[in-house]
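First comes the structure, then the notes that go with it.
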Amino acid sequence: MTAITSTAYSRDLGDELRRLREKHTRLTGFGFAEQLGWDPSKVSNIENGKARASEIDLVQYLMTCGRDSNYFEAFRDRYRYAFDPYVLVVPDNLRTLAMAEAQATKITSFDGLTMPGLAQTPEYARALLTEGGNEAPENIEKYVQLRIDRQSIMRRPNRPECTFYVHELALRMRVGSAQIMEEQYLRLLFQSHSLRILPMSAGIAIAMRSARRLFSFEKMVPVAYSETDVAQLFAHDGKAIASSREFFKWLDALALDEGQSRSMLTDYVSGLREDLHDARPELA
């Protein structure tokens, strides 16, 4: 077992092992280590994603949890990439992302065409998934609930410090009804985070860039994250982190300050309400 820097994915898979231990053996980490003849710190380091388990370690761990050889082979295929500096994850695997959000002390994000996931209302998220046309109808409610569950970190006393960079084009794009958009504007306006809007004058091309985030942690290496419709990328490499920091430094120079951003968002709320008022039929 070689101890190396942990990654978002290694912490996710380590936590998966911990949950297997608790579910199938009911043993504490110390008791499990005793069962395997390991030092307790070895179990702790593997379950916290701080050390790479060898194939023999995984066999012993999973067999003690009552898992068969097929389960081992499937887990090993995922685990072999857990400590890579760049890890691609399929988009419907939200555990790795949710763990990174939950462990972060600071989250800086950019969204060009949609509202930030951590600030979306359930109605906006549902309309976004429905109108996107890529999700099976039976999966939409599941994904909406997962998105809302992830937002619980925003209500914690020790919630992460969040800065959301949002392109003005995302404010202009109608998702669902006018009422859904108004509620979404208000959520973005009053939720506890720093909001920075990139105005149209900064250029539309910026909005076409992939959504990305930079996660900072108290005692772990930062994680640069980007996503598309087909994959999520978690990068732990120093160059990727430095590039992400430069990207957000560039956005900082282009974006409105927080006061100006909230003023613009207030104007959007007012404009939407005026449109709704004008659209009402006059009484005879």
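Side-chain atoms are counted along with the backbone in the values below, which use heavy atoms only and exclude waters and symmetry mates.
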Which heavy atom of Asp39 sits nearest a heavy atom of Ser41, and at what distance? OD1-OG, 2.6 Å
Should Asp12 and Val89 count as side-chain neighbours, where that means a heavy-atom distance under 4.5 Å? no
Between atom OG of Ser54 and atom CZ of Arg76, what is the distance when rounded to the nearest 0.5 Å? 12.0 Å
Quick one, Arg209 with His167, criterion side chain to side chain contact (heavy atoms under 4.5 Å, CB included). Give me CA distance, side-chain angles, the key distance, then yes/no. CA-CA 10 Å; Arg209 294 204 173 210; His167 198 282; over 6 Å; no
Pair listing, side chain to side chain donor-acceptor pair (under 3.5 Å) test, anchored in residues 232-241, at least two apart: Tyr86-Asp237
Just by distance, do the side chain of Thr7 and the backbone of Ala82 share a donor-acceptor pair under 3.5 Å? yes
Mark yes when over 12 heavy atoms from residues, nucleotides or ligands other than Glu218 sit less than 6.0 Å from its CD; otherwise mark no. no
Are Val175 and Val269 co-members of a hydrophobic cluster defined by side-chain heavy atoms under 4.5 Å apart? yes
Under a 3.5 Å threshold, yes or no: a donor from one side chain and an acceptor from the other, between Asp267 and Ser270? no
Side-chain contact, heavy-atom cut-off 4.5 Å: Phe234 with Tyr9? no
Could you walk me through whether Gln35 and Arg21 pass the side chain to side chain donor-acceptor pair (under 3.5 Å) check? CA-CA 12 Å; Gln35 184 94 351; Arg21 167 178 62 78; over 6 Å; no
What I'd like to find out is whether the side chain of Leu198 reaches to under 4.5 Å of the side chain of Phe110, using heavy atoms alone. yes
Please say which of Phe32, Tyr71, Phe75, Phe72 ends up in a ring pair (Phe, Tyr, Trp, His ring centres under 6.0 Å) with Tyr61. Phe32
Taking the side chain as every heavy atom from C-beta outward, state whether Leu265 and Val166 have any pair of such atoms under 4.5 Å apart. no
Cluster overlap Leu214 with Val223, hydrophobic side-chain contacts below 4.5 Å: no
Looking at Asp257, Asp111, Asp252, which one forms a salt bridge (charged side-chain N to carboxylate O under 4.0 Å, His left out) with Arg196? Asp252
Should Tyr143 and Leu128 count as side-chain neighbours, where that means a heavy-atom distance under 4.5 Å? no
Shortest non-hydrogen contact from Ser109 to Phe164? OG-CD2, 3.1 Å
Do side-chain atoms of Ser261 reach the backbone of Ile197 as a donor and acceptor pair under 3.5 angstrom? yes
Could you walk me through whether Met115 and Leu171 pass the side chain to side chain contact (heavy atoms under 4.5 Å, CB included) test, one step at a time? CA-CA 8 Å; Met115 304 297 183; Leu171 305 181; 3.6 Å; yes
Tell me whether the NZ or CZ atom of Arg212 lies within the 45° cone about the ring axis of Phe247 and under 6.0 Å from its centre. yes
Given the rule that I, L, V, M, F, W and Y join up when any side-chain heavy atoms are under 4.5 Å apart, are Ile241 and Met220 in one cluster? no
Before accepting this row, confirm whether a basic side-chain N of the pair Arg19/Asp15 lies closer than 4.0 Å to the acidic partner's carboxylate O. yes
Do the non-hydrogen side-chain atoms of Lys249 and Arg245 ever get within less than 4.5 Å of each other? no
Which value, rounded to the nearest 0.5 Å, describes the distance between Leu36 atom CG and Lys42 atom NZ? 8.5 Å
With a 6.0 Å cut-off (strictly less than), is the heavy-atom count around CZ of Arg156, excluding the residue itself, greater than 12? yes
hydrophobic_cluster_shared for Leu188 and Met154, side chain cutoff 4.5 Å: yes
Once you round to the nearest 0.5 Å, how far does CG of Leu20 lie from CD of Glu47? 9.5 Å
Thr108/Leu251 under side chain to side chain contact (heavy atoms under 4.5 Å, CB included): CA gap, chis, key distance, verdict: CA-CA 11 Å; Thr108 307; Leu251 293 187; over 6 Å; no
Nearest heavy-atom approach of Val221 to Phe217 is O-CD1, 3.4 Å
Starting at CZ of Arg126, measure out to CD of Glu141 and round the result to the nearest 0.5 Å. 4.0 Å
Given the rule in the side chain to side chain contact (heavy atoms under 4.5 Å, CB included) test, do Thr266 and Ser263 qualify, once you have shown the distances and angles that lead to the verdict? CA-CA 5 Å; Thr266 300; Ser263 178; 5.6 Å; no
Look at Arg187 together with Glu183 and state whether they make a salt bridge at an N to O cut-off of under 4.0 Å. no
With a 4.5 Å cut-off on side-chain heavy-atom distances among I, L, V, M, F, W and Y, is there a chain of contacts connecting Met264 to Tyr165? no
In terms of ring plane angle, is the pair Tyr79 and Phe83 parallel, tilted or perpendicular, where the classes change at 30° and 60°? perpendicular
Apart from Met208 itself, members of its ILVMFWY cluster (side-chain separation under 4.5 Å) are Leu113, Leu169, Met173, Met200, Ile204
Is any side-chain heavy atom of Phe215 less than 4.5 Å from a side-chain heavy atom of Pro160? no
Heavy atoms only: give me the nearest Ala125-Val144 pair and the separation to one decimal. C-CG2, 4.2 Å
So, do Ile153 and Arg159 sit near enough that their side-chain heavy atoms are less than 4.5 Å apart? no
Looking at every non-hydrogen atom in both residues, tell me the closest pair between Ala240 and Ala235 and how far apart they are. CB-CB, 3.6 Å
Does the Ser216 side chain pair with the main chain of Thr105, one donor and one acceptor, at a distance under 3.5 Å? no
